[in-house]
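Worksheet: one structure, shown below.
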Amino acid sequence: WEMAEGETPARLMDRSQICEWLAANGTGPAEARAAATDPKALERLLRSASRHHARYYLEALRSPVGRTLVVDVRNGDAFADLPRDLVVEVASRVDRDGAHPVGGPPLTRAQRELVLALDRCQRLTIRAALSGDREVALEALVANPLVPSREVAEPLLDAILEANRPQLPRFFPEDRR
């Protein structure tokens, strides 16, 4: 998603806004209307949008002037109240030297707490995936602000692991025999 100079995302887009954006940015209205009601059509459209975003990013990297895009980038000094190594999705100037986050206003306390909670959840998820440790995976789910309790997290973890069993062999050493 390309942004005009100085533009910042005002809010997250819901499904209808995604469809409207895709329709306005080179994807026919029929496909956008289908995506509003058909999850598979929406998935196809989002994949297409990702390819376009990748193309814009690569073009910016080769351009002598670059462009402003919304990308995932290391925070650095963009948000002084967040860790420098935290990955943030923000407007960034992308040029031959890479992506450089454009700073934003300070986060509210609630925003900062949410960002840090999600970062903790993601780091625990990575640790769990690399180790195959169910307790760490459970800790990651419990750390997720969308999971209300450990009682909800336990059966949810079992279902997630089972549904993704072929991709998560470290959690199922008995399958390797």
Point-to-point distance, once rounded to the nearest 0.5 Å, from [atom1] of [X] to [atom2] of [Y]:
| X | Y | atom1 | atom2 | answer |
| --- | --- | --- | --- | --- |
| E59 | R67 | CD | CZ | 5.5 Å |
| R96 | R62 | CZ | CZ | 10.5 Å |
| L107 | L114 | CG | CG | 10.0 Å |
| L58 | S63 | CG | OG | 12.5 Å |

Could you walk me through whether E89 and V71 satisfy the side-chain contact (heavy atoms from CB on, under 4.5 Å) test, starting with their C-alpha distance in whole Å, then the side-chain angles of each, then the deciding distance to 0.1 Å, before giving a yes or no? CA-CA 5 Å; E89 184 174 353; V71 295; over 6 Å; no
Show your working on side-chain contact (heavy atoms from CB on, under 4.5 Å) between L82 and D119 and close with a plain yes or no. CA-CA 11 Å; L82 293 176; D119 178 60; over 6 Å; no
What about V87 and V94, same hydrophobic cluster or not, with Ile/Leu/Val/Met/Phe/Trp/Tyr joined at side-chain heavy-atom distances under 4.5 Å?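 No, separate clusters.
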Do L118 and L86 belong together in a cluster built from hydrophobic side chains that touch within less than 4.5 Å?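 Looking at the clustering, L86 is in a separate group from L118.
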Donor-acceptor check, side chain of [X] to backbone of [Y], threshold 3.5 angstrom: yes or no?
| X | Y | result |
| --- | --- | --- |
| S131 | D133 | yes |
| N164 | I160 | yes |
| E162 | A159 | no |
| S92 | V90 | yes |
| R165 | F172 | no |
| R112 | D81 | yes |
| R170 | L130 | yes |

Evaluate the side-chain proximity of [Y] to [X]: yes if any heavy-atom separation is below 4.5 Å, no if none is.
| X | Y | answer |
| --- | --- | --- |
| R120 | E139 | yes |
| L124 | C121 | no |
| D95 | L61 | no |

Closest heavy-atom contact between [X] and [Y]?
| X | Y | result |
| --- | --- | --- |
| Y57 | A99 | OH-CB, 3.9 Å |
| L157 | L138 | CD2-N, 3.7 Å |
| R134 | L161 | NH1-CD1, 3.5 Å |
| F171 | A137 | CE2-CB, 4.0 Å |
| R127 | V136 | NH2-CG2, 3.5 Å |
| P166 | P169 | O-CD, 4.0 Å |

Pair N75-D85, side-chain contact (heavy atoms from CB on, under 4.5 Å): steps then yes or no: CA-CA 6 Å; N75 178 49; D85 69 333; over 6 Å; no
